[in-house]
Novice: 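Input: one structure, supplied below.
Order of the sequence lines sets the chain letters (A, B, ...), proteins ahead of strands, with each chain counted from 1.
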Protein chains: 2
Amino acid sequence: MAVPSSVSVAPTASPLFLREHEVRRGVELLFFGYTRLTRAIDDGLAEHGLGRAHHRALYFIARQPDLTISELLKILAITKQSLGRVLTDLAERELVETRTGEVDRRQKLLRLTAEGARFEAQLFDALRTSLASAYAAAGQESVTGFWRVLEGLIPAEDKAMVIALQKDI
Amino acid sequence: MAVPSSVSVAPTASPLFLREHEVRRGVELLFFGYTRLTRAIDDGLAEHGLGRAHHRALYFIARQPDLTISELLKILAITKQSLGRVLTDLAERELVETRTGEVDRRQKLLRLTAEGARFEAQLFDALRTSLASAYAAAGQESVTGFWRVLEGLIPAEDKAMVIALQKDI
DNA sequence: CTAGATACGTCAATATGGCTGTCCCATCTT
DNA sequence: AAGATGGGACAGCCATATTGACGTATCTAG
């Protein structure tokens with residue numbers, strides 16, 4: 001896995017982390033990188049008449065089966081009403097199903113159906129293709145740096161949630 | 001999805017860039033990092049009755065004064081109509097002004113007013129605070145890696161545009 | 001056992017930021 | 001002079017988010 005640093009638009013980061021130049025560069029790359037990655041799955045979603053909001057729910061349910069509604073609300077940071085519509089759509093298409101919680105019967109535990117898992121895997125494949133090629137072009141050490149910076153962008157109060165998501169992979 | 005998921009909790013990226021674990025980690029960190037960064041300026045925008053779409057236009061006009069409408073359309077990748085509404089709002093608030101192009105009189109060259117520049121700088125400050133602390137926590141080498149991976153996410157046909165933005169800093 | 005908190009659902013109304021399609025004018029290019 | 005291009009504007013639609021209020025089932029603490 002060679003590191004093709006000569007192709008990079010950027011030299012290296014300066015030790016002066018407050019320089020406007022470097023902040024703008026991060027803002028722009030985040031904007032373009034994030035929007036381009038999300039666009040990679042729009043076609044797949046549209047085939048089912050779904051949008052990006054549906055994918056976000058699908059994704060996190062795939063990631064953490066038996067997630068409760070309130071946990072998912074915290075992750076997505078949207079309102080109950082917004083999530084409600086999304087989950088209704090997913091349930092109608094039989095991509096997501098709910099069970100009543102055993103420990104706490106007020107809770108609903110969310111899971112993908114077999115069809116939902118197939119669909120999520122298909123969408124994930126498009127994400128994997130994009131990200132894997134970016135990882136490969138940047139090289140292993142860059143990927144680690146990529147993660148570290150992004151972790152630093154997550155506010156302390158959200159960090160536990162993100163770590164919890166990733167601990168049981 | 002026949003990817004082995006027996007994964008060490010290694011602090012660095014594995015050389016196997018196609019592993020699901022690492023792709024999901026990137027997807028999630030990008031999601032949380034991007035959304036949390038953008039939320040950092042929502043309050044500042046709301047004070048002027050503006051939204052994120054307005055900020056994106058404001059940002060790129062600040063970045064490249066005398067940008068034309070069609071150049072901005074390419075950057076934002078939205079329709080003329082959507083951008084039109086945004087620019088109307090910004091012009092009404094006297095944050096952005098246009099001049100007729102000198103070389104090509106069909107063009108309109110976009111610029112921030114003095115007030116627009118002040119406002120953009122204020123919003124940028126919030127972004128800088130977030131990003132600078134993430135940069136500092138991650139360290140210089142991580143920042144370079146962060147940029148390299150994000151560059152790899154930008155499709156070839158958009159890359160020239162991003163480089164053009166950053167060349168004259 | 002009861003009071004209150006919590007998990008979830010649902011109603012109605014509203015805002016934002018995208019989209020398509022069509023048509024128009026001014027200006028540049030050939 | 002004809003056609004291409006840059007920009008603006010109309011009408012209508014859709015997706016996704018918001019707030020606030022209210023209802024029901026269930027859990028927990030006094």
Novice: Specify the separation, in whole Å, of atom NE2 of A:H55 and atom P of D:dA15.
Specialist: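 In whole Å, D:dA15 P lies 18 Å from A:H55 NE2.
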Novice: When you measure from the side chain of A:Y135 to the backbone of B:G152, do you find a donor-acceptor pair of N or O atoms at a distance under 3.5 Å?
Specialist: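 No.
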Novice: What's B:R85 touching, base or sugar-phosphate or nothing? Going by heavy atoms closer than 4.0 Å.
Specialist: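 Base, at least one base atom sits under 4.0 Å.
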Novice: Roughly how many Å is it from CG in B:L72 to P in D:dG6, rounded to a whole number?
Specialist: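 From B:L72 CG to D:dG6 P: 14 Å.
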Novice: B:H54 side chain N/O closer than 4.0 Å to the phosphate oxygens (OP1, OP2) of C:dG17?
Specialist: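 Indeed, a polar side-chain atom of B:H54 lies that close.
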Novice: Between atom CD1 in B:I78 and atom P in D:dA15, what is the gap in whole Å?
Specialist: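 Computing the B:I78:CD1 to D:dA15:P distance gives 19 Å.
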Novice: Around atom CD of A:E115, are there more than 12 heavy atoms from other residues, nucleotides or ligands closer than 6.0 Å?
Specialist: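 Above 12, so yes.
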Novice: Identify, between B:Q107 and A:A77, the residue whose nearest nucleotide on DNA chain D lies closer to the 5' end.
Specialist: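 Checking each residue's closest nucleotide, the 5'-ward one belongs to B:Q107.
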Novice: Could you tell me the separation between the CG atom of A:D42 and the C1' atom of D:dT16, rounded to a whole number of Å?
Specialist: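 Atom CG in A:D42 sits about 14 Å away from atom C1' in D:dT16.
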Novice: Is there, by distance only and without an angle test, a donor paired with an acceptor across the side chain of B:Q81 and the base of C:dG21 below 3.5 Å?
Specialist: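 In this structure, the two groups form a donor-acceptor pair.
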Novice: With hydrogens left out and only the distance checked, is there a donor-acceptor pair under 3.5 Å joining B:K80's side chain and the base of D:dG6?
Specialist: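 Counting by modelled atom types and ignoring angles, no donor-acceptor contact under 3.5 Å is found here.
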Novice: Atom CG of A:D104 and atom C1' of C:dA5: how far apart are they, to the nearest Å?
Specialist: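 To the nearest whole Å, that distance equals 12 Å.
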Novice: Rounded off to whole Å, could you give me the CG-to-P distance for the B:L76 and D:dG7 pair?
Specialist: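 Rounding to the nearest Å, CG of B:L76 and P of D:dG7 are 13 Å apart.
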Novice: Has the side chain of B:R106 got a donor or acceptor atom sitting under 3.5 Å from an opposite partner on the base of D:dT5?
Specialist: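 Between D:dT5 and B:R106, which were checked side chain against base, a qualifying N/O pair under 3.5 Å is present.
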Novice: Taking only N and O in the side chain of B:K108, is any of them less than 4.0 Å away from OP1 or OP2 of D:dG8?
Specialist: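 Yes, such a contact exists.
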Novice: Just how far, in rounded Å, is P of D:dG6 from CZ of B:R99?
Specialist: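 Taking CZ of B:R99 and P of D:dG6, I get 18 Å after rounding.
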Novice: Describe the nucleic acid contact of A:G84 in one word from base, sugar-phosphate, nothing, applying a heavy-atom distance below 4.0 Å.
Specialist: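 Nothing, no nucleic acid heavy atom in range.
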Novice: Taking the side chain from B:S82 and the backbone from B:I78, do they hold a donor-acceptor pair closer than 3.5 Å?
Specialist: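 Here the side-chain-to-backbone pair does not exist.
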Novice: Taking the six-membered ring of A:Y59 as reference, does the cationic atom of B:R24 (NZ for Lys, CZ for Arg) lie under 6.0 Å from its centre and within 45° of its axis?
Specialist: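 Yes, a cation-pi geometry holds between B:R24 and A:Y59.
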Novice: Whole-Å distance between D:dG8 P and B:L90 CG?
Specialist: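 Atom-to-atom, B:L90 to D:dG8, this comes out as 13 Å.
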Novice: Please find out if less than 6.0 Å separates the ring center of A:F124 from that of A:F119.
Specialist: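 Ring-ring flag for A:F124/A:F119: false, centres at least 6.0 Å apart.
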Novice: Within less than 4.0 Å of OP1 or OP2 of D:dA17, is there a side-chain N or O belonging to A:R56?
Specialist: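 Answer yes for this pair, as a side-chain N or O of A:R56 is under 4.0 Å from OP1 or OP2.
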Novice: Within the 4.0 Å heavy-atom criterion, would you say A:S82 contacts the bases, only the backbone, or no part of the nucleic acid?
Specialist: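 The answer is base, as A:S82 lies within the cut-off (heavy atoms under 4.0 Å) of a base atom.
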Novice: Using a heavy-atom cut-off of 4.0 Å across all strands, would you classify A:T79 as base, sugar-phosphate, or nothing?
Specialist: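 The residue A:T79 makes base contact.
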Novice: Do any side-chain nitrogens or oxygens of A:S70 fall under 4.0 Å of OP1 or OP2 in C:dC8?
Specialist: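 The answer is yes; a side-chain N or O of A:S70 sits under 4.0 Å from OP1 or OP2.
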